[in-house]
Amino acid sequence: QLQASGGGLVQAGDSLRLSCAASGRTFTRYGMSWFRQAPGKEREFVATISGGGGIKNYGDSVKGRFTISRDVAKKTVYLQMNNLKPEDTAVYYCAMGRSNTVSSLEGAYDAWGQGTLVTVSS
């Protein structure tokens, strides 16, 4: 089970940190990711991190601005978002993989959080 939080309304250039608390599985055995879906658009890959945290990948639109991390003790994955832009406005979903893999494909994930809304005003 995944519980996402941290969304809100911010201005362009601001920062925000999303959290995703996991339960029910051995946390370090599974890769985790963030995806987002803007109004009227398909869900988009944002960032992924391996079970141990040593491998991270990012979508092209967020590279250099977003950072994914995980806290094993808290069983939580974070998405630090800096220099936010209006085009970052979306519902952000965290997902846990079927295995310890890093993937940008939705099919690699079988557990999803409920989504948290991020709105960036210009």
Set of side chain to side chain contact (heavy atoms under 4.5 Å, CB included) partners for [X], sequence neighbours left out:
X	value
Thr26	Thr28, Arg29
Lys74	Asp71, Thr76, Tyr78
Gln80	Ser15, Arg17, Thr67, Asn82

What pairs of residues pass the disulfide (SG to SG under 2.5 Å) test when at least one of them lies in residues 31-81, not counting sequence neighbours?
none

Residues pairing under disulfide (SG to SG under 2.5 Å) where one sits in residues 17-113, two or more places apart or in two chains, turn out to be Cys20-Cys94

If the condition is salt bridge (Lys or Arg N to Asp or Glu O under 4.0 Å), which residues does [X] pass it with, not counting sequence neighbours?
X	result
Lys41	none
Arg65	Asp88
Glu44	Arg36
Asp14	none

Sequence neighbours left out, what pairs pass ring-ring contact (aromatic ring centres under 6.0 Å, His included) with at least one residue falling in residues 79-99?
none

List for me each residue that meets ring pair (Phe, Tyr, Trp, His ring centres under 6.0 Å) alongside Phe35, sequence neighbours excluded, and say none if there are none.
Phe45, Tyr109, Trp112

Taking ILVMFWY side chains as joined if any heavy atoms are under 4.5 angstrom apart, and letting links pass through other members, which residues group with Ile55?
Val102

